Amino acid sequence: MSAILVVDDDADIREVTTMALEAYGYRVINACDGEQALRIIRFEPAVSMVLLDLMMPIMDGPTFMRRLRSDEALSMIAVVVLSGDSSACQTANDVGADACLLKPVDLSSLLDVVRRFIGGRTVPEHDRAMSGVVR
Amino acid sequence: MLTLGDPGYELWRQCVREKSCSGDHPVISRWARVRQLRTGSANLVSNRPRSDWRVAEQRTSTSTLLAQGYDMLRIGAEELRRRGCALVFTDAEGVLLASFGADTLPDPLRDGFQPGVRWTEKERGTNAIGTSLAENMPVAVIGRAHCDANSHGLVCYAAPIHDVHGAVLAVLDISGPVSAADPMLGITVQSMAGAFEGILRAREIDRLAAEVESLRSREAEVKNAHDELASTLKLNETFVATVGHDLRNPLSAVLNGADLLLSRGDDPSQRMAAERIRSSGRRMFQMIDQLGDLARARLGDGIRLLYQDVDLGLVVDRVVGELRAVHPERDIGIVKTGDSWGSWDSARIEQVFSNLVSNAVRHGAPRSEIQVKLNGSETDALTFSVANAGEIEESTLPHLFKAFYSGRSGRRPSEGLGLGLYIVEQVVLAHQGRIDVVTKDGLTEFCVTLPRRPE
């Protein structure tokens, strides 16, 4: 079963997002920074989608993205950035994220984007444009 | 130099003593001027020195000048003494402040050369110092050209000293017995007056340099104060933006939790509480967004835009649709004409439209219709307008787009921070557009004009 990896240093965000997604039947794994997220992805092939915060200690979101996108084996994993402001969405686009959701993310927007990307990316090219910003 | 040569005893007698004269000698008109000055007074000639305090006061006004030129006067006077001449320095009222070599003059002549004696035309008739003051030019008066018979044995050369603005500050005079008459003495007195004016100019340059220096230091102080204020302001706004940003995460968790409760919970009271949490949380988010926008607009880099091709017709439909859902009692009409496609930051323009239509719902006359128009008939620009019944108070208009302006002095609007229209204008300006407001005849209309493809 495909799994969603929620990467955020804020424990409340991780827990609430996990609760919400699990309530709708998704399998969810948590990581609190980019480094932990990379370790999980390499050992857990079920992860097809990442919900990513950008500002985190140890390894931030953009660094995680560069590592992820430089690994051919992980190129089909979809990444959706959850961000506090629209300038961060520009950053998300620059580092190759598939979409960017502006916080606060309401449940229906979150479920929409999860439904769209749960199977992973459909086009693996590294340089394709981000599919949109949801406000 | 105006030279009033000796006109001879006969002319002097007729003109000065008997006050009836004719002729074209240049001194005649000067004597006539003196007669006018002295109307009703028989003989004003006086060698009585003015009071000591008056001399002291006059000295104060020109004392620095006198002190600075004193050595020059002393050295010049030594040379003149050898020629039997005296050198005197008066203030601008002809009061003698310093005198050198008067003792070389013949006895009856030297009385008028003691400090404190006043040498105006009114007091002493035509004389080099007084006439030089009256005509503001160097003057030579020889022998009987003097009105005063006591001065008939004198030849006097006087030149005024001007300050840097051209006003007469003092007079320098060389006087000697008529036998010492020499045009060179006229040149000498003018040169010495010129040297005094040089001293004054040098002093003025020093003063101006000091003033420039003081202005520079004041400018530096003002700049420091400005930099300090700017840095404090930046710190404050950065602080607001940072705190606002950091509040988003916990607030997101709160809202997601409320969403989850609403989607899964069945208990009506829990659902009501969750609904309250969600609506309050959203209002908090709106405030945080506005504080972030305020900081961005003021911190120099401005509101950043993400341009993309957008159909603003869809944006208007969405905004109005949402507001109709929240305010089903309000009649909100839409009129769309022309092509509504262009390149804008869709989310930001939605923010502008939503804010303006919400304002119309909130502040427009209750139960009146709200008209939303989108006009894309122009090639280069598109206009969006919102009209509602009711007028904005005239006193409010100049402040409408100011940050934190509530429209009701001393009170904040209960709905937010008073930043809505400020941000609307900033977003419109960032798109190189403009916003106008017309409020008259019981109607208020906000009109936003946006270039279709901002450069």
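Throughout, protein chains are lettered first and strands after them, A, B, ... in sequence-line order, and every chain is numbered starting at 1. Note that the structure is a prediction, hence the values are computed from the model and not measured.
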With rounding to the nearest 0.5 Å, note down the distance linking [atom1] in [X] to [atom2] in [Y].
X      : Y      : atom1 : atom2 : value
B:L306 : A:N93  : CG    : CG    : 7.5 Å
A:L82  : B:R248 : CG    : CZ    : 11.5 Å
A:M19  : B:L261 : CE    : CG    : 7.5 Å

Might you confirm whether atom [atom1] of [X] has over 12 heavy atoms from other residues, nucleotides or ligands at distances under 6.0 Å?
X      : atom1 : answer
B:R276 : CZ    : no
A:E44  : CD    : yes
B:R434 : CZ    : no
A:Y24  : OH    : yes
A:R67  : CZ    : no
B:M284 : CE    : no

Discussion item. Looking at chain A, which one of B:S346, B:S263, B:G257, B:G281 has the largest number of heavy-atom pairs inside 4.5 Å, strictly under?
Written reply: B:S263
Worksheet entry | Part of A:D10 lying under 4.5 Å from any heavy atom of chain B | side chain
Worksheet item: B:L251 versus chain A, heavy atoms under 4.5 Å apart: side chain, backbone, both or neither?
Response: neither
Item to complete: List the atom of B:N256, the atom of A:T17, and the distance in Å for their closest heavy-atom pair.
Response: OD1-OG1, 4.4 Å
Worksheet, complete the sentence: B:L260 and A:A20 have their tightest heavy-atom pair at CD1-CA, 3.4 Å
Worksheet item: Taking side chain as C-beta onward, heavy atoms only, is A:D106 less than 4.5 Å from B:R282?
Response: yes
Worksheet item: Checking A:D12 side chain against B:A253 main chain: does a donor-acceptor pair fall under 3.5 Å?
Response: no
